[in-house]
Amino acid sequence: TTELLKNPTIVNLANKYHKTSAQIVLKWQYTHVTYSVILNKSLFKDKERIMELQQTEVKNGKEGLHINVAQMCVTAVLMALTCVATMVVQIPIPLGYAHLGDSVILISAYFFGPVVGALAGGIGSAMADILTGYAIWALPTLLIKTIMPVIACAFFKNNVQRCRVFSIRGAVVTLLFMTAGYVFFGGILYGSAAAGIASAPGLILKSVVNLAVYLFVAFGISKVKKFN
């Protein structure tokens, strides 16, 4: 196992992605569902960061961004949760309704990265609009909610660099983007900038509630994980 960790190819990959050789080996095994190699204790210490490596890996050239089967399952669950959270609690505001779906989107981005967050947020939220009679908003929602996790993760960084300041700042900026996006599209869909602006107070109030839910859940889960 020691010789494997010192393999030049593995060392180069570790340097490229700023990971340890052990994490690269575990990543390969995780992706190929191969567990035939007997791992020593130093490898097991890094197993908790396999998902991080899978999520933050952005490849160039002949290689491409990919999502594995486990992440597909997680994405499907989060997509459903986003849709349900958007549909179950609906408080009417000008041009639409307030809901808790944005908190699920932020939580998805925080724990699973921009790809999973964007798929779950964009598709889940657009489905909710269609199913609740707001189909006119489906395309703007798909665009806005797909971009939200990308913005959030630019502040969240990765599992190692996350801290409360950047997490809160990222969530606030993301929700402000969401508010501006709906104000903009509201003006277009209803042919009046005043109509779009009229929805801003309700959107801001919704953002505050979703921010509180996100902070409570995300930091609560993080504390439990650290405790364990």
Distance-only donor-acceptor pairs under 3.5 Å for side chains of residues 81-94, two or more places apart:
from: T82; atom 1: OG1; to: L78; atom 2: O; distance (Å): 2.8
from: T86; atom 1: OG1; to: T82; atom 2: O; distance (Å): 2.7
from: Q90; atom 1: NE2; to: T86; atom 2: O; distance (Å): 3.3

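Scanning all heavy atoms of the two residues, the minimum distance from C153 to A109 falls at SG-O, 3.4 Å. Looking at every heavy atom in both residues, A195 comes nearest to L95 through O-CD1, 3.2 Å. Looking at every heavy atom in both residues, S108 comes nearest to G117 through CB-CA, 4.1 Å. In terms of heavy atoms, I105 sits closest to P149 at CG2-CG, 3.6 Å. The shortest non-hydrogen separation linking A152 to L106 is CB-CD2, 4.2 Å. Minimum interatomic distance between I136 and L189 (heavy atoms only, all atoms of both residues): O-CD1, 3.8 Å.
Rounded to the nearest 0.5 Å, atoms CD1 (I123) and OG1 (T146) are 7.0 Å apart. Atoms CG and CD1, on L176 and I204 in that order, are 7.5 Å from each other to the nearest 0.5 Å. Rounding to the nearest 0.5 Å places OG of S125 at 7.5 Å from CE of M148. For the atom pair CG (N15) and OG1 (T20), the distance works out to 11.0 Å, reported to the nearest 0.5 Å. Interatomic distance, CD1 of I221 versus CD1 of I107, reported as 6.5 Å (0.5 Å rounding). Rounding to the nearest 0.5 Å gives a distance of 12.0 Å between CD1 of I197 and CG of L203.
Under a hydrophobic clustering in which Ile, Leu, Val, Met, Phe, Trp and Tyr are joined whenever their side-chain heavy atoms come within less than 4.5 Å, directly or via other members, I188 and I144 fall into the same cluster. Placement of V104 and V150 in two distinct hydrophobic clusters is found when ILVMFWY residues are connected by side-chain heavy-atom separations under 4.5 Å, directly or transitively. Clustering ILVMFWY residues whenever any of their side-chain heavy atoms sit less than 4.5 angstrom apart, transitively, puts Y110 in a cluster other than the one holding V208.
Looking at L143 and L139, their side chains never come closer than 4.5 Å, going by heavy atoms from C-beta outward.
Between Y134 and Y97, the two ring planes are tilted [angle within 30° to 60°]. Between F219 and Y214, the ring planes are tilted. Angles from 30° to 60° get that label.
At most 12 non-hydrogen atoms from other residues, nucleotides or ligands lie less than 6.0 angstrom from CZ of F184.
Proximity of a side-chain donor or acceptor of W137 to a complementary backbone N or O of F185 within less than 3.5 Å is not detected. Under a 3.5 Å cut-off, the side chain of N210 and the backbone N or O of H99 do form a donor-acceptor pair.
Residue pairs meeting the salt bridge (Lys or Arg N to Asp or Glu O under 4.0 Å) criterion with at least one member in residues 90-103, sequence neighbours excluded, are D102-K145, D102-K206.
By the side chain to side chain donor-acceptor pair (under 3.5 Å) test, Y182 is found to be paired with T141, residues two or more places apart in sequence or in another chain being considered.
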